[in-house]
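Per chain, numbering begins at 1; letters A, B, ... match sequence-line order.
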Amino acid sequence: MADYNPQAIEAKWQKRWADARVFETEADPSKPKYYVLEMLPYPSGTMHMGHMRNYTIGDVVARVKRMRGFNVLHPMGWDAFGLPAENAAIKNNTHPRVWTNNNIAEFQRVLRRFGFSFDWRREISTCEPEYYRWNQWFFLRMLERGLAYKKKSRVNWCPKCCTVLANEQVVNGYCWRHEDTLVETREIEQWFLKTTAYAEQLLDDLKLLEGGWPERVITMQRNWIGKSTGAKVRFALADFGNNQTGSVGREGSGSREGKPPHAEPACGAPAGIKSGAADTIEVFTTRIDTIYGASALILAPRHPLVAKLLAGSSEESTASAKLAEMQQSTVKAEELETADKVGFFTGRYAVNPFNGAEIPVWVGNFVLMEYGTGAVMCVPAHDERDFEFATKYGLSIPIVVQPGDGESLSNDPLKEAFTEYGKSVNSGPYSGLTTEEALDRMSAKAEAQGFGKRETVFRLKDWGISRQRYWGTPIPVVYCPKDGMVAVPDADLPVLLPENVKLTGEGESPLATTPEFVNVKCPKCGGDARRETDTMDTFVDSSWYFYRYCDPHNDKAPFDKGKVAYWFTIDQYIGGITHAILHLLYSRFWCKVMRDLGLVNHSEPVARLFTQGMVQKGGVAMSKSKGNVVGAEEMADKYGADTGRLYTLFAAPPEKDLEWSEESIEGSWRFLNRVYRLVERHAEAVRAVKGASGAAGAKAIAPNSAKEKQLLRKTHQALRRVTQDFETRWHFNSAIALIMDLTNEIYAMEPLGEGVRPEVQREVLELLTLMLAPMTPHIAAELWEMLGHEDGQWTAPWPAFDAELARETEVEIVVQVNGRVRGKLKVPAGMPEETVIPLAQAEPSVTQHLDGKRVVKHIFVADKLVNLVVA
RNA sequence: GCGGCUGUGGCGAAAUUGGCAUACGCGGUGGGCUUAAAAUCCACUGGGGUUUUCCCCGUUGUCGGUUCGAGUCCGACCAGCCGCACCA
């Protein structure tokens with residue numbers, strides 16, 4: 001009799017699984033498939049129990065599905081490019097590839113020690129040319145279709161990373177990697193992928209994900225894409241080019257009162273509208289219906305027209321200083337939140353194309369250059385921000401919408417903006433229309449007259465993928481003095497990342513200082529040319545990696561279409577909520593591009609997404625930088641992988657954060673020991689039983705004593721509920737509780753030798769180990785073997801529970817009086833209402849509560865409850 | 001401000017359709033085994049009573065509603081966490 005020795009058992013079974021190639025799968029259209037995937041890790045630091053939780057959840061799903069007869073694809077790989085490798089390499093004076101591959105080796109060792117059922121033949125590493133050449137290939141396809149383009153633009157720049165960041169990588173104005181580093185803006189030429197070309201689809205297709213993705217993630221994506229439908233409207237500038245107007249001395253005082261409102265012109269553009277772009281200001285609005293209430297136009301401080309407007313204006317001298325201050329104001333999120341609205345009058349006026357009113361043109365710090373047109377019309381009565389601004393600067397606040405429901409707004413004074421829909425008033429010919437009608441007709445008018453058009457704008461921006469660092473995929477483009485920008489031909493891929501590069505971590509891209517990389521012959525003319533030296537954002541790597549798993553060693557194409565068609569879509573994707581926007585949005589974009597390239601036939605890559613909670617210690621997520629990690633390897637050394645797996649499944653439901661507790665983990669360890677001792681105690685008797693085992697598919701065993709009956713009933717009841725917990729809901733913690741409970745029940749019936757035949761013992765103990773198999777596969781396999789099975793447990797299907805054996809023959813019925821429990825009744829199951837009610841009324845503990853009262857009504861729930869309602 | 005999630009014992013948590021709240025585990029207390037300890041096995045662990053295989057009371061953040069019956073459904077509020085945030 002040996003004690004439970006997890007280290008020996010785990011090593012033994014991991015070897016058996018590898019030797020028997022249990023987890024290796026091939027596409028096979030004759031079998032139902034199941035693709036379960038955990039987000040690929042970035043190989044850095046040490047693997048801790050936070051990582052392990054993620055893979056454990058996926059592994060349970062993979063193993064259950066395998067037992068259920070599915071052909072399961074469950075791969076693993078490495079998100080191997082990225083800045084930390086480069087920074088570590090600089091610090092340690094080594095090469096990023098060496099650092100990365102060391103980490104990969106360690107990560108792999110730890111994952112193997114936990115017995116995760118990965119098909120390791122499909123392992124990918126994104127920093128290998130056999131992988132990243134396909135990043136380049138995709139890039140070229142996008143370039144051909146205008147989905148990749150280069151443009152000079154104001155970009156986010158992290159001074160610590162020394163590189164550009166995507167909008168998605170800026171968190172509250174700080175770098176996503178450096179919480180303490182403010183992102184700067186710089187004007188740089190860089191490459192973009194046109195995610196905006198798919199904005200509408202990315203938004204619409206979220207509907208396909210409902211039910212399969214967490215509502216929260218769908219909402220975050222919807223907000224991020226940020227669709228607004230409205231109209232762009234051009235306002236002509238009044239008197240522009242002539243600074244001798246009567247505007248002096250009337251700054252900021254709303255529209256010019258002296259002029260009578262223009263009558264709606266019968267046809268053609270209102271007076272003053274010219275088609276030239278230089279003297280018009282275009283605004284974007286979702287509420288064109290409120291345009292008669294506009295009392296100013298407000299431009300973003302960085303709006304290109306501002307300087308022109310100020311030149312020679314009456315306000316030039318004072319405004320220029322204010323403008324300069326505004327333009328370099330902070331990007332810090334916390335300060336932006338609380339910042340006051342500030343602005344100044346430009347000295348210029350614009351003409352409202354609907355009524356000809358001249359309204360002042362202002363500059364305001366709250367108007368964003370990045371959204372819409374960088375200019376807004378200020379309608380203080382019907383927009384909160386405009387209201388605040390107008391109140392502060394004394395702009396007029398005309399009411400042009402009244403609430404539909406009787407109560408009407410009045411201007412003496414208006415206390416807050418009315419931003420809802422209602423009825424138009426003071427809006428010329430549109431007065432009396434509902435907001436919806438006014439929106440429609442006024443948009444039509446603007447289009448007919450040519451001074452505006454309906455437009456949809458998105459908050460989503462194109463994805464900036466250029467990075468001025470070394471450790472990433474080279475962008476396959478060459479610049480030739482004669483031919484200009486030339487795409488590298490497919491046949492020349494991959495553009496290899498050179499190995500001998502001086503890494504300084506400063507300023508320029510390291511590739512730019514590597515002549516043997518930069519200097520190249522032009523693919524078109526053969527003359528001297530220079531390579532692009534930017535590398536790709538690593539989110540490119542992870543945008544399509546899960547396709548590569550289907551066909552990881554293909555050197556003719558990113559993947560075989562047939563293989564992908566078999567395995568996709570991903571049935572279950574598992575990862576942290578941190579990737580709710582970045583990775584998942586880019587992946588969805590990539591999928592749609594691939595679909596339009598004819599490579600795949602679906603629009604969404606991931607059918608179901610599960611976001612697991614984090615593992616915390618001391619209330620904060622485990623991370624190396626916080627110094628609160630529980631290393632996965634220490635865990636395996638101390639308790640074994642099975643205990644680690646069991647505990648992370650048991651301590652909290654998978655979607656919830658889990659606070660690590662060294663004390664609680666002892667409970668999981670004790671339980672596995674308890675199961676081990678139980679099986680070991682009866683293994684010899686069980687092995688002596690001849691004939692096929694029940695769990696292996698033979699007919700369920702018939703009990704021939706009360707004790708056997710009870711034991712089998714408890715076992716099959718547990719099996720029924722555990723099956724449900726695995727299949728219909730992911731309640732691993734309650735599944736484990738049920739198995740613990742069953743174990744306790746069996747202990748309470750010891751000695752089993754008295755009154756329980758060995759074949760019944762076998763049935764019960766086999767089912768126990770099969771229920772544990774997906775969660776703690778090593779000990780389950782060992783116990784399975786101890787029970788006399790020589791083939792590995794991996795061939796055993798998930799057992800079916802026997803409804804007949806699970807059926808309760810005697811039930812306890814709760815008797816309530818006026819909803820309060822007053823007694824209990826032990827009766828045979830299935831007893832009818834007319835029999836139970838008199839019994840309930842006769843129950844001594846109940847009669848005292850009926851005492852002299854009349855039962856006016858009774859409720860009967862079969863086998864469960866009686867409620868006597870008394871007056 | 002907007003959107004979402006979560007509030008259950010000393011702690012982590014359970015409770016499929018509204019039907020015995022607190023399963024399972026941790027921690028705690030007591031006991032068996034042992035020369036002793038560890039390990040292990042057993043019992044108890046919301047409060048109170050007592051005739052202890054029994055009774056009473058309380059209880060799921062707060063207040064109200066629906067219902068024979070609410071942790072669960074509805075409404076309002078409070079607290080905490082997360083996401084978005086001048087998006088025109």
Original post:
Does A:Glu384 or A:Lys864 map to a spot on RNA chain B nearer the 5' end, using the closest nucleotide for each?
Top reply: A:Glu384

**OP:** Starting from the 5' end of RNA chain B, give me the residue, A:Val861 or A:Arg674, whose nearest nucleotide shows up first.
**Re:**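 The residue closer to the strand's 5' end, by nearest nucleotide, is A:Val861.
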
Pair partner, [N] [Watson-Crick or wobble, under 3.5 Å]:
{"N": "B:C44", "value": "B:G28"}
{"N": "B:C54", "value": "B:G49"}
{"N": "B:G7", "value": "B:C78"}
{"N": "B:U66", "value": "none"}
{"N": "B:G83", "value": "B:C2"}
{"N": "B:A15", "value": "none"}

NA contact type, [X], heavy-atom cut-off 4.0 Å: base, sugar-phosphate, or nothing?
{"X": "A:Glu663", "answer": "sugar-phosphate"}
{"X": "A:Tyr747", "answer": "sugar-phosphate"}
{"X": "A:Arg721", "answer": "base"}
{"X": "A:His858", "answer": "nothing"}

Round to the nearest Å and state the distance from [X] atom [atom1] to [N] atom [atom2].
{"X": "A:Arg681", "N": "B:C41", "atom1": "CZ", "atom2": "P", "result": "8 Å"}
{"X": "A:Arg216", "N": "B:C82", "atom1": "CZ", "atom2": "C1'", "result": "6 Å"}
{"X": "A:Leu738", "N": "B:A14", "atom1": "CG", "atom2": "C1'", "result": "10 Å"}
{"X": "A:Asn223", "N": "B:C2", "atom1": "CG", "atom2": "P", "result": "14 Å"}
{"X": "A:Phe732", "N": "B:G12", "atom1": "CZ", "atom2": "P", "result": "22 Å"}
{"X": "A:Trp730", "N": "B:A13", "atom1": "CH2", "atom2": "C1'", "result": "20 Å"}
{"X": "A:Trp224", "N": "B:A85", "atom1": "CH2", "atom2": "P", "result": "6 Å"}
{"X": "A:Glu655", "N": "B:G4", "atom1": "CD", "atom2": "C1'", "result": "15 Å"}

Original post:
Quick one: is B:G83 close enough that its OP1 or OP2 comes under 4.0 Å of any side-chain N or O from A:Arg222?
Top reply: no

Original post:
For B:A13, does either OP1 or OP2 sit under 4.0 Å from a side-chain N or O belonging to A:His731?
Top reply: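 No, A:His731 has no side-chain N/O under 4.0 Å of OP1/OP2 on B:A13.
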
**OP:** Would you mind building the protein contact string for nucleotides 67-74 of chain B? One character per nucleotide, 5' to 3', B for base within reach (heavy atoms under 4.0 Å), S for sugar-phosphate only, - for untouched.
**Re:** -B------

Subject >> CA sep, side-chain torsions, deciding dist, call: A:Phe732, A:Phe650, ring pair (Phe, Tyr, Trp, His ring centres under 6.0 Å) >> reply: CA-CA 7 Å; A:Phe732 306 124; A:Phe650 178 62; over 10 Å; no

Subject >> Any donor-acceptor pair under 3.5 Å from A:Asp386 side chain to A:His382 backbone >> reply: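 No; zero donor-acceptor contacts below 3.5 Å.
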
Original post:
Just by modelled atom types, is the A:Met369 backbone N or O under 3.5 Å from a matching donor or acceptor in the A:Arg302 side chain?
Top reply: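 No; zero donor-acceptor contacts below 3.5 Å.
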
**OP:** Indicate yes or no: at least one non-hydrogen side-chain atom of A:Pro6 is less than 4.5 angstrom from one of A:Trp669.
**Re:** yes

When the [atom1] atoms of [M] and [N] are compared, how many Å lie between them, rounded to an integer?
{"N": "B:C20", "M": "B:G30", "atom1": "C1'", "value": "28 Å"}
{"N": "B:U59", "M": "B:C54", "atom1": "P", "value": "24 Å"}
{"N": "B:A21", "M": "B:C74", "atom1": "P", "value": "22 Å"}

Original post:
Can you list the steps and then say if A:Glu370 with A:Lys461 is a salt bridge (charged side-chain N to carboxylate O under 4.0 Å, His left out)?
Top reply: CA-CA 9 Å; A:Glu370 300 77 44; A:Lys461 296 280 177 311; over 6 Å; no

**OP:** Can you sort out the partners of A:Thr286 under side chain to side chain contact (heavy atoms under 4.5 Å, CB included), two or more places apart, ordered by chain and number?
**Re:**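 Checked A:Thr286 against side chain to side chain contact (heavy atoms under 4.5 Å, CB included); matches are A:Ser228, A:Phe284.
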
**OP:** Please lay out, stage by stage, how A:Val814 and A:Val866 fare under the test side-chain contact (heavy atoms from CB on, under 4.5 Å).
**Re:** CA-CA 6 Å; A:Val814 173; A:Val866 169; over 6 Å; no

Subject >> Value rounded to 0.5 Å, distance of CD1 in A:Ile779 from OH in A:Tyr676 >> reply: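 Going from the CD1 atom of A:Ile779 to the OH atom of A:Tyr676 covers 7.5 Å.
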
